[in-house]
Amino acid sequence: DFDYYAAADELITRLEKEGHVGEAAKLRAAIAEGSTGTEIFMALRFHLAEIIKRASLKGELQIKASRLLAELNDALE
């Protein structure tokens with residue numbers, strides 16, 4: 001089974017380490033401020049799509065972000 005929260009936490013940590021602090025903060029807020037799992041997933045999906053589109057993620061970071069987004073899309077279908 002895919003662990004969405006562990007994947008999000010790992011991605012947030014990597015984003016911070018690579019200088020994408022604002023993007024990491026948006027994902028962290030999505031988790032902290034969501035009332036339900038569905039609300040958190042929808043917020044994560046929204047912010048991840050924007051981050052992938054606008055931030056110049058490289059290599060493994062891009063792969064991890066894209067994988068989490070794909071898993072969230074599947075979960076929300």
Side-chain angles (χ1 to χ4, degrees):
D1 286 344
F2 188 78
D3 187 337
Y4 302 92
Y5 295 104
D9 284 340
E10 182 183 343
L11 181 61
I12 289 165
T13 300
R14 293 286 306 274
L15 285 166
E16 290 169 340
K17 284 181 182 175
E18 296 198 22
H20 300 284
V21 178
E23 290 82 357
K26 288 178 184 176
L27 297 179
R28 194 176 302 283
I31 294 169
E33 296 168 7
S35 299
T36 65
T38 301
E39 184 180 347
I40 292 168
F41 279 22
M42 290 176 71
L44 283 173
R45 180 173 69 173
F46 173 79
H47 291 300
L48 265 175
E50 289 297 307
I51 290 167
I52 290 168
K53 219 181 339 183
R54 296 178 185 201
S56 54
L57 304 181
K58 303 282 187 248
E60 189 179 341
L61 188 57
Q62 173 69 31
I63 292 166
K64 288 184 180 297
S66 296
R67 166 88 193 278
L68 179 54
L69 181 59
E71 293 289 347
L72 289 167
N73 283 331
D74 286 347
L76 289 167
E77 282 183 354

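Numbers for residues simply follow the sequence, beginning at 1.
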Q) Which pairs, with at least one residue in residues 12-42 and sequence neighbours excluded, count as a ring-ring contact (aromatic ring centres under 6.0 Å, His included)? A)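 For residues 12-42, and leaving out neighbouring residues, the ring-ring contact (aromatic ring centres under 6.0 Å, His included) pairs sorted by first residue read Y4-F41, Y5-F41.
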
Q.
Strictly by ring-ring contact (aromatic ring centres under 6.0 Å, His included), give each pair with a member in residues 50-77 just once, sequence neighbours left out.
A.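 Listed once each, the pairs would be none.
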
Per the salt bridge (Lys or Arg N to Asp or Glu O under 4.0 Å) rule, what does the pair list look like for [range], sequence neighbours excluded?
| range | answer |
| --- | --- |
| residues 66-77 | R67-E71 |
| residues 2-12 | E10-K64 |
| residues 28-43 | E16-R28 |

In chain order, what residues pass the salt bridge (charged side-chain N to carboxylate O under 4.0 Å, His left out) check against [X], with sequence neighbours excluded?
| X | value |
| --- | --- |
| K26 | none |
| E50 | K53, R54 |
| K58 | none |
| R14 | E18, E60 |

Can you name the closest pair of heavy atoms from [X] and [Y] and give their distance?
| X | Y | result |
| --- | --- | --- |
| L15 | A24 | CB-CB, 3.9 Å |
| I31 | A8 | CD1-CB, 3.9 Å |
| L57 | A65 | CD1-CB, 3.9 Å |

(Q) Using the side chain to side chain donor-acceptor pair (under 3.5 Å) criterion, which residues pair with S66? Sequence neighbours excluded. (A)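 Partners of S66 under the side chain to side chain donor-acceptor pair (under 3.5 Å) test: Q62.
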
Q.
Using the rule that Ile, Leu, Val, Met, Phe, Trp and Tyr join whenever any side-chain heavy atoms are under 4.5 Å apart, tell me whether I63 and L72 fall into a single cluster.
A.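 I63 does not cluster with L72.
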
Q | same_hphob_cluster(L61, F2) at 4.5 Å side-chain heavy-atom cutoff | A |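 Both belong to a single hydrophobic cluster.
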
Q: Can you measure from CG (L48) to CD (E23) and round to the nearest 0.5 angstrom?
A: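 L48 atom CG to E23 atom CD measures 11.0 Å (nearest 0.5 Å).
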
Q) If you measure from CG on L27 to CG on L11, what distance do you get to the nearest 0.5 Å? A)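 Reported to 0.5 Å precision, the distance equals 6.0 Å.
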
Q) Sequence neighbours excluded, which residues qualify as ring pair (Phe, Tyr, Trp, His ring centres under 6.0 Å) partners of F46? A)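 With sequence neighbours excluded, F46 shows a ring pair (Phe, Tyr, Trp, His ring centres under 6.0 Å) to no residue whatsoever.
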
